[in-house]
Protein chains: 2
Amino acid sequence: MITKRSSRPLTLRDVSEASGVSEMTVSRVLRNRGDVSAATREKVLTAARTLGYVPNKIAGGLASQRVNLVAVVIPSLSNMVFPDVLGGVSSELDDTGLQPVVGVTHYSPSREDAVLYDMLSWRPSGVILAGLEHSQAARAMLENVGLPVVEIMDVDGEPIDTAVGISHRRAGSEMAEGILAAGYRRIGFIGTHMPEDHRARKRLAGFEDRLTEAGVTLAAREYYQGGSSLGKGRELTERILTREPDLDFLYFSNDMIGAGGLLWCLEKGYDIPGKLGLAGFNGVDLLDGLPMRLATTDARRVDIGRRAARIVSGKEARPESGVIALSPTIIPGDTIRKP
Amino acid sequence: MITKRSSRPLTLRDVSEASGVSEMTVSRVLRNRGDVSAATREKVLTAARTLGYVPNKIAGGLASQRVNLVAVVIPSLSNMVFPDVLGGVSSELDDTGLQPVVGVTHYSPSREDAVLYDMLSWRPSGVILAGLEHSQAARAMLENVGLPVVEIMDVDGEPIDTAVGISHRRAGSEMAEGILAAGYRRIGFIGTHMPEDHRARKRLAGFEDRLTEAGVTLAAREYYQGGSSLGKGRELTERILTREPDLDFLYFSNDMIGAGGLLWCLEKGYDIPGKLGLAGFNGVDLLDGLPMRLATTDARRVDIGRRAARIVSGKEARPESGVIALSPTIIPGDTIRKP
DNA sequence: CGAAATCATGTTACCGTTACCAACCTTTCA
DNA sequence: TGAAAGGTTGGTAACGGTAACATGATTTCG
């Protein structure tokens with residue numbers, strides 16, 4: 001490998017001259033497309049390697065009108081959930097020549113618009129984005145872009161093109177079902193106050209609806225702002241139980257604060273799940289290993305990422321209905337009484 | 001916003017025709033570059049919005065020979081550490097017009113080569129990549145690419161261009177120092193068995209060197225494969241303490257397994273930090289809220305991301321030496337005796 | 001054995017944008 | 001008032017590849 005301190009960046013022309021064939025032939029060799037004799041191929045490859053040539057995808061993309069990028073737009077990277085989704089996307093894209101490009105919106109609709117605009121300006125082959133709620137501008141962009149668009153995580157709503165996710169209403173409802181079946185009746189809820197977290201909102205709605213059907217009302221709620229952590233979970237759990245000491249169940253909007261609550265309750269000597277039951281949401285496996293396994297709902301994050309990637313890559317056909325609803329699976333853990 | 005179901009994608013020409021000016025002028029308006037009269041600007045902007053035009057960065061990048069992308073190459077997204085770094089990078093890049101593009105290597109050198117090659121083929125404005133150890137091919141690519149290249153996390157070695165990070169040798173050494181100062185002498189180590197995790201290796205080397213200086217030898221080690229979780233931490237802690245019951249300190253290679261170990265020890269009734277001390281590494285704040293605060297070293301992840309981003313964006317000059325060494329900060333927590 | 005098929009390579013015309021320079025139109029000011 | 005200066009706009013030629021077609025060489029096969 002000659003380390004050529006070149007001022008001018010290398011182009012196909014350089015490789016072409018170095019190997020004595022046309023640029024077109026070099027291009028064919030480097031992309032493994034079309035017929036090229038073994039001898040020529042070898043010459044070209046050697047020349048390319050020697051020079052240290054790296055193809056220019058900007059030029060290639062412009063010429064071919066195809067770009068092997070998939071835009072992935074998600075609200076956050078700071079909790080565990082979206083990295084898991086990304087993992088699913090990435091693993092499924094690995095053998096397709098497609099590459100994910102991630103944009104983060106921080107749960108802000110205007111950032112989402114900006115990020116989408118930016119992503120689309122790269123003319124990707126597909127778009128995967130979290131949620132079904134988007135600004136009018138975003139919907140317009142996506143409806144007319146003429147690409148596979150997969151909205152992930154949530155299926156409670158009308159997709160622009162295709163949706164892959166779980167029904168958060170159902171997840172909430174089924175958890176309520178399980179809690180009621182175990183005989184708990186004085187139920188409290190602890191969650192983030194984020195108007196833009198539509199999935200948390202729908203989960204709570206599904207949860208409360210099921211309670212209402214059973215003639216039960218949520219006995220207390222506690223909201224917090226900002227990120228979720230064990231400490232936040234402790235703090236809110238203490239607060240809600242101080243305010244409403246006779247609660248017999250706490251439903252947390254995610255596993256992290258649920259785990260914090262669990263630790264606090266164990267320290268205080270609460271009888272779990274006997275006198276007090278707990279449940280979270282997500283199914284974060286990092287937390288296996290707490291003194292008790294927190295009841296939770298597996299949100300199918302990796303599967304969602306995989307299926308979405310399969311659809312944008314064309315491995316899997318878009319379903320007629322446009323919706324792929326995975327089943328949120330309740331993991332009972334040790335913090336709900338056996339019914 | 002007219003939703004034009006166009007077959008042919010929109011180009012500058014469409015906007016130019018719709019607004020009655022040249023493509024060049026439209027381009028100027030859309031980029032805020034050069035002088036354009038207010039009236040023209042308004043006309044163009046209206047036309048662009050009406051049509052729903054999104055600029056084509058592929059074409060723009062080719063023409064201008066500039067691409068507002070920064071390649072970020074990291075080993076993993078599945079633990080907390082790299083998302084934190086990314087957060088730092090992203091926040092610092094926000095106001096620069098530069099956009100991070102992430103590639104994940106899964107700690108595989110050959111994947112790193114492939115990811116780098118792929119990234120460079122997009123002709124980014126800069127490269128940020130984890131670690132100082134790279135294949136010969138990767139080094140060659142990066143040395144000749146003529147871009148800012150920032151290697152992050154680690155400063156124990158020779159950077160290709162610039163390095164921003166902490167000395168893991170020093171981090172290990174200082175933790176050893178603190179442990180010795182607190183009077184612990186029978187010290188065990190628990191870490192991943194990953195030959196490619198050079199930083200963990202250097203940390204341990206620094207740790208052992210300091211112990212050796214003090215005439216102390218590592219009394220036991222336990223290695224594991226695969227991801228870190230609370231459960232893994234428990235399992236390994238149990239194993240090492242069963243094998244070597246008289247250990248008085250456990251040094252974990254990260255906070256997650258450290259926390260698992262801590263939980264296990266607390267359950268078993270170990271006197272912490274009296275009879276047994278514990279320490280991890282990273283300074284993961286998600287874990288604040290455990291029954292005790294685990295001693296750890298803040299690896300300065302967010303700062304590292306920020307400084308790296310500042311350098312590739314030109315906000316901050318590359319230091320003469322090529323190295324920015326941040327100080328790993330020990331957070332004593334509650335699991336080391338006060339000396 | 002000659003026409004057709006196939007293989008291996010080259011030629012030409014873009015892809016959609018921006019850099020550069022020229023042209024024109026105002027305004028300024030000696 | 002006329003030349004210089006500055007603001008505003010447009011024409012043209014890249015940027016570095018790839019698609020599509022053309023060409024010449026070689027093979028296939030009735």
Side-chain angles (χ1 to χ4, degrees), chain A residues 6-45 47-48 51 53-69 97 118 120-125 145-146, chain B residues 6-45 47-48 51-69 97 118 120-125 145:
Chain A
S6 60
S7 51
R8 192 179 39 71
L10 292 168
T11 72
L12 269 192
R13 153 151 260 111
D14 297 290
V15 183
S16 133
E17 284 169 359
S19 56
V21 300
S22 71
E23 303 172 36
M24 195 59 233
T25 300
V26 175
S27 170
R28 276 193 275 253
V29 171
L30 263 23
R31 287 177 301 145
N32 283 321
R33 209 171 301 280
D35 299 308
V36 181
S37 73
T40 308
R41 152 167 284 109
E42 212 43 55
K43 256 192 316 191
V44 169
L45 250 23
L51 294 172
Y53 173 72
V54 178
N56 184 331
K57 287 203 178 163
I58 300 282
L62 182 60
S64 66
Q65 303 283 69
R66 271 179 289 94
V67 171
N68 64 343
L69 254 26
D118 227 68
L120 292 183
S121 74
W122 288 107
R123 302 290 188 267
S125 306
V145 71
Chain B
S6 59
S7 49
R8 190 181 39 74
L10 291 168
T11 72
L12 271 190
R13 151 150 262 111
D14 297 290
V15 183
S16 133
E17 284 169 359
S19 54
V21 299
S22 73
E23 303 172 38
M24 197 56 237
T25 299
V26 176
S27 171
R28 275 194 275 255
V29 171
L30 264 22
R31 287 176 300 145
N32 283 320
R33 211 172 302 279
D35 299 308
V36 181
S37 72
T40 309
R41 154 165 284 108
E42 212 41 58
K43 256 193 317 193
V44 170
L45 251 22
L51 294 172
Y53 172 73
V54 178
N56 184 331
K57 287 201 178 165
I58 299 285
L62 182 60
S64 66
Q65 302 284 71
R66 272 181 286 95
V67 170
N68 64 344
L69 255 27
D118 227 68
L120 292 184
S121 74
W122 288 106
R123 302 290 189 269
S125 306
V145 71

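Keep in mind that what you see is a predicted model, and the values were worked out from it rather than measured. Here is how names work: the chains are called A, B, and so on, in the same order as the sequence lines, proteins then strands, and each is numbered from 1.
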Subject >> B:Glu42 CD to D:dT8 P, straight-line distance once rounded to whole Å >> reply: 15 Å
**OP:** Answer yes or no: are there more than 12 heavy-atom neighbours, outside A:Arg31 itself, under 6.0 Å from its atom CZ?
**Re:** yes
**OP:** Using only side-chain N and O atoms of B:Tyr53, determine if any of them is under 4.0 Å from OP1 or OP2 of C:dG16.
**Re:** no
Original post:
So what does A:Asp35 hit on the nucleic acid, given a heavy-atom distance under 4.0 Å: a base, only sugar-phosphate, or nothing?
Top reply: base
Original post:
B:Glu17 CD to C:dG16 P: how many Å, rounded?
Top reply: 13 Å
Subject >> B:Met24 side-chain proximity, nearest of D:dA20, D:dC15, C:dC20 >> reply: C:dC20
**OP:** May I have the distance from A:Lys43 (atom NZ) to C:dA8 (atom C1'), rounded to whole angstrom?
**Re:** 12 Å
**OP:** Round to a whole Å and report the spacing from CZ of B:Arg123 to P of C:dT18.
**Re:** 19 Å
**OP:** Give the rounded distance in Å between these two atoms: CG of A:Asp14 and P of D:dG16.
**Re:** 10 Å
Subject >> Nucleotide nearest B:Glu23 when distance is taken to its side chain, options C:dT9, C:dT17, D:dG10 >> reply: C:dT17
**OP:** In whole angstrom, give the distance that lies between atom CH2 of B:Trp122 and atom P of D:dG17.
**Re:** 13 Å
Original post:
Atom CZ of B:Arg8 and atom P of C:dC15: how far apart are they, to the nearest Å?
Top reply: 10 Å
Original post:
DNA chain D: A:Ala63 or B:Gly20, which has the more 5' nearest nucleotide?
Top reply: B:Gly20
**OP:** Let me know, please, whether A:Val26 or B:Leu62 comes out on the 5' side of the other along DNA chain D by nearest nucleotide.
**Re:** B:Leu62
Original post:
Does B:Ser22 make a side-chain N or O approach to OP1 or OP2 of D:dG10 shorter than 4.0 Å?
Top reply: yes
**OP:** Round to the nearest Å and state the distance from B:Leu30 atom CG to C:dT17 atom P.
**Re:** 9 Å
**OP:** Would you indicate whether the side-chain heavy atoms of A:Val21 and A:Arg41 approach each other to under 4.5 Å?
**Re:** no
Subject >> Residue pair B:Lys57 / A:Ile58, side-chain heavy-atom distance below 4.5 Å >> reply: no
**OP:** Go through D:dA19, C:dA8, D:dA20 for me and flag the one nearest to the A:Arg66 side chain.
**Re:** D:dA19
**OP:** Taking only the side-chain heavy atoms of B:Arg31 (C-beta and beyond), determine which of C:dT18, D:dG16, C:dT17 contains the nearest atom.
**Re:** C:dT18
**OP:** Could you please name the option among C:dC15, C:dT9, D:dC15 that lies closest to any side-chain atom of B:Gln65?
**Re:** D:dC15
Original post:
Do B:Arg28 and D:dG10 share a donor-acceptor pair, side chain to base, under 3.5 Å?
Top reply: yes
Subject >> Minimum side-chain heavy-atom gap B:Leu30-B:Tyr53 below 4.5 Å >> reply: yes
Subject >> B:Val15 side chain reached by B:Val29 side chain, heavy atoms, under 4.5 Å >> reply: no
Original post:
OP1 or OP2 of C:dT9 less than 4.0 angstrom from a side-chain nitrogen or oxygen of A:Ser37, does that happen here?
Top reply: yes
**OP:** Give a yes or no answer on whether the side chain of B:Ser121 reaches the backbone of A:Val54 with a donor-acceptor pair at less than 3.5 Å.
**Re:** no
**OP:** For the side chain of B:Thr25, starting at C-beta, report the closest nucleotide among D:dG10, C:dT9, D:dG17.
**Re:** D:dG10
Original post:
Taking only N and O in the side chain of A:Thr40, is any of them less than 4.0 Å away from OP1 or OP2 of C:dT9?
Top reply: yes
